[in-house]
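Accompanying notes for the structure given below.
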Amino acid sequence: MAGLYHAGSLAVQERVGVREIAARMGRAAGAGIKPVAAAFLEQQPLLVVTATDPSTSRVWTSPLAGPPGFVRATGPAQLSVTVGVPPADPLATALGTPGVAVGTIALDPRTRRRMRLNGRARPTAQGFAVAADQVFANCPKYLQRRESYEVVTGRGSGAARHGTALTPPQAAFIAAADTFFLGTVHADGADASHRGGNPGFVRVDSPRELSWRDYPGNSMFLSLGNLAADPRAGLLFLDWTTGTTLQLTGEARTEFAGAERRVRFTVTAAVERPSAVPLRWSEPEYSPANPGDTG
């Protein structure tokens with residue numbers, strides 16, 4: 001589908017044998033924000049954003065949090081975000097750059113709903129706005145249900161910890177995760193997506209390499225298609241209780257073995273920010289779609 005699928009995505013769809021399914025799925029995507037999508041956005045306290053830092057060419061994925069309504073549709077194809085990006089966040093420079101390509105995902109653990117909006121951002125007095133190129137919803141597969149959240153008053157981000165490899169506590173954090181966000185890019189845009197599974201579904205193979213099995217999804221293969229065209233990627237792991245975030249940037253590649261696919265990610269840099277997100281969510285109810293195996 002022109003405008004949504006580029007050569008990388010089409011090649012992966014062809015290899016897996018889902019071109020027709022992907023074409024049908026792609027017809028649901030457009031640049032307009034429908035009323036039901038606008039209402040969904042206004043209910044969310046969390047938005048995840050992917051972009052490329054123009055000063056380093058590294059891809060990062062970052063969380064933004066605020067009271068419901070901080071993300072809203074301000075036009076038929078425009079998203080407005082009314083919180084700024086903290087200076088310590090790796091995307092602070094990118095989201096202050098007019099015309100930067102961004103991918104966003106709004107995810108509601110309470111209802112297992114998620115929505116993606118990709119486009120071009122420009123800074124505003126309160127935050128930034130995105131002119132949408134692609135807007136579409138995803139199915140609830142592999143999304144853990146968390147029935148409620150609370151705002152932790154006074155929680156402030158601690159000093160950011162930078163590194164080029166995972167520390168043992170960071171490796172343990174990843175190994176216990178049931179969710180992460182994957183940011184990818186291509187020549188004309190960026191995309192943020194969700195990955196979920198039972199704890200252990202992401203494997204720490206060394207201090208500088210992670211891997212995970214790519215579970216069957218919507219057959220669009222936007223993320224793997226982007227990686228086929230450009231290996232740069234940014235990962236975000238979030239502690240849903242403490243608000244601590246671990247952001248990784250590096251390169252990823254997909255290994256195909258019969259019907260199974262495994263993605264391997266090599267870490268270039270890591271940023272850990274304690275208490276970065278002022279939300280504390282309830283314990284998860286794991287998705288019934290999660291495969292029983294881990295790693």
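Note: hydrogens, waters and symmetry copies are ignored here, and every other heavy atom, side chains too, is used.
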Just wondering, do [Y] and [X] contact through their side chains at under 4.5 Å, heavy atoms?
X      : Y      : result
Asn138 : His194 : no
Trp60  : Val271 : yes
Ser9   : His186 : no
Asn226 : His6   : yes
Arg264 : Arg203 : yes

Do [X] and [Y] share a hydrophobic cluster (ILVMFWY, side-chain heavy atoms under 4.5 Å, transitive)?
X      : Y      : value
Val59  : Phe128 : no
Leu227 : Leu248 : yes
Met115 : Leu182 : no

Ignoring hydrogens and angles, tell me if any N or O in the side chain of [X] forms a donor-acceptor pair with the backbone of [Y] under 3.5 Å.
X      : Y      : value
Thr266 : Gly250 : no
Arg273 : Ala160 : no
Gln126 : Val83  : no
Gln170 : Thr167 : yes
Ser282 : Glu147 : yes

Are Arg195 and Ser193 close enough, and set up right, to give a side-chain hydrogen bond (donor to acceptor under 3.5 Å, both in side chains), and what steps lead you there?
CA-CA 7 Å; Arg195 294 291 185 272; Ser193 65; 3.2 Å; yes

CZ on Phe201 to CH2 on Trp212, rounded to 0.5 Å:
9.0 Å

Please report the C-alpha distance between Arg114 and Cys139 in whole Å, then the side-chain angles of each, then the deciding distance to 0.1 Å, and finally whether the side-chain contact (heavy atoms from CB on, under 4.5 Å) criterion is met.
CA-CA 7 Å; Arg114 48 186 160 168; Cys139 74; 4.3 Å; yes

Steps toward side-chain contact (heavy atoms from CB on, under 4.5 Å) verdict (Arg110, Gln44)
CA-CA 10 Å; Arg110 297 165 294 183; Gln44 306 314 315; 3.8 Å; yes

In a check of ring pair (Phe, Tyr, Trp, His ring centres under 6.0 Å) between Phe180 and each of Phe173, Phe265, Tyr142, Phe237, which one passes?
Phe237

For Arg161, salt bridge (charged side-chain N to carboxylate O under 4.0 Å, His left out) partners two or more places apart
Glu272

I need the minimum non-hydrogen distance between Gly103 and Ala192, along with the two atoms involved.
O-CB, 3.7 Å

Is there a donor-acceptor contact under 3.5 Å linking the side chains of Thr254 and Arg261?
no

Could you check whether Asp191 and Gln134, counting side-chain N and O atoms only, form a donor-acceptor pair closer than 3.5 Å?
no

Show every donor-acceptor pair shorter than 3.5 Å between a side-chain atom in residues 62-81 and any protein atom, with sequence neighbours excluded, or say none if there are none.
residue: Ser62; atom: OG; partner: Asp89; partner atom: OD1; Å: 2.6
residue: Ser62; atom: OG; partner: Asp89; partner atom: OD2; Å: 3.2
residue: Ser62; atom: OG; partner: Gln247; partner atom: NE2; Å: 2.9
residue: Arg72; atom: NE; partner: Gly69; partner atom: O; Å: 3.3
residue: Thr74; atom: OG1; partner: Gln78; partner atom: NE2; Å: 3.0

The single option from Arg262, Glu255, Arg253 that satisfies side chain to side chain donor-acceptor pair (under 3.5 Å) with Ser211 is Arg262

Which other residues end up in the same hydrophobic cluster as Tyr149, if Ile, Leu, Val, Met, Phe, Trp and Tyr are linked when side-chain heavy atoms come under 4.5 Å apart?
Leu46, Val48, Ile105, Leu107, Leu143, Val151, Phe181, Leu236, Leu238, Trp240, Val277, Leu279, Trp281

